[in-house]
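Because only heavy atoms are used, hydrogens play no part in the values below, and waters and symmetry mates are left out as well, while side chains stay in.
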Amino acid sequence: ISDKIFKFKFNAAAAAPSKENTEIIFSRIIKMAVATVHLYGFEDFTGMEFADTSQGGEKIYLSRDELENFRKNKKVRLF
């Protein structure tokens with residue numbers, strides 16, 4: 001965590017590079033991170049940053065509100 005932002009880095013290079021696969025990978029990683037933060041009751045953060053470190057990888061930031069919506073299976077725009 002840095003400046004009240006959880007930062008997650010991962011490499012999704014093994015997946016077939018497509019927009020759909022990228023969204024699936026990000027979605028699963030976000031789901032794990034959100035569940036963990038929720039279960040442990042972390043409160044002192046403003047959002048989460050997720051970065052694919054593979055060549056041409058995507059990077060997104062989601063606020064606490066967006067993360068809560070994601071946790072409740074509400075539509076959240078990732079890209």
**Asked** Hey, what else clusters with L39 if you join Ile, Leu, Val, Met, Phe, Trp, Tyr whenever side-chain heavy atoms sit under 4.5 Å?
**Response** none

**Request:** Using atom types as modelled and distance alone, determine if a side-chain donor or acceptor of T53 lies under 3.5 Å from a backbone N or O of K9.
**Result:** no

**Item:** side-chain contact (heavy atoms from CB on, under 4.5 Å) involving T36 - partner list, sequence neighbours excluded
**Value:** Y40

**Fill in**
With sequence neighbours left out, the residues meeting side-chain contact (heavy atoms from CB on, under 4.5 Å) with E58 are K19, T22, F26, F79

**Nearest-0.5 Å distance, CD of residue E68 to NE2 of residue H38** = 6.5 Å

**Message:** Among residues at least two apart in sequence or on other chains, which ones pass side chain to side chain donor-acceptor pair (under 3.5 Å) with S63?
**Reply:** E66

**Complete:** Rounding to 0.5 Å, atoms CD1 (I24) and CD1 (I29) come to a distance of 12.0 Å

**Request:** State, yes or no, whether a side-chain contact exists between I30 and V76 at a heavy-atom distance under 4.5 Å.
**Result:** no

**Prompt:** Are F42 and F70 connected, step by step, through hydrophobic side chains (Ile, Leu, Val, Met, Phe, Trp, Tyr) whose heavy atoms are closer than 4.5 Å?
**Reply:** yes

**Complete:** S54 meets the side chain to side chain donor-acceptor pair (under 3.5 Å) criterion, sequence neighbours left out, with D52

Going by atom type alone, with no hydrogens or angles, which donor-acceptor pairs under 3.5 Å involve a side-chain atom of residues 43-50 and a protein atom two or more places apart or on another chain?
from, atom 1, to, atom 2, distance (Å)
E43, OE1, R64, NH2, 3.0
D44, OD1, K4, NZ, 2.9
T46, OG1, K4, O, 3.1

**Message:** For a side-chain contact (heavy atoms from CB on, under 4.5 Å) check, start with the C-alpha distance between L62 and V34, then their side-chain angles and the critical distance, and finish with the verdict.
**Reply:** CA-CA 11 Å; L62 298 173; V34 169; over 6 Å; no

**Asked** Side-chain heavy atoms under 4.5 angstrom apart, residues restricted to Ile, Leu, Val, Met, Phe, Trp, Tyr: same cluster for F8 and L67?
**Response** yes

**Prompt:** Hey, what else clusters with Y61 if you join Ile, Leu, Val, Met, Phe, Trp, Tyr whenever side-chain heavy atoms sit under 4.5 Å?
**Reply:** I5

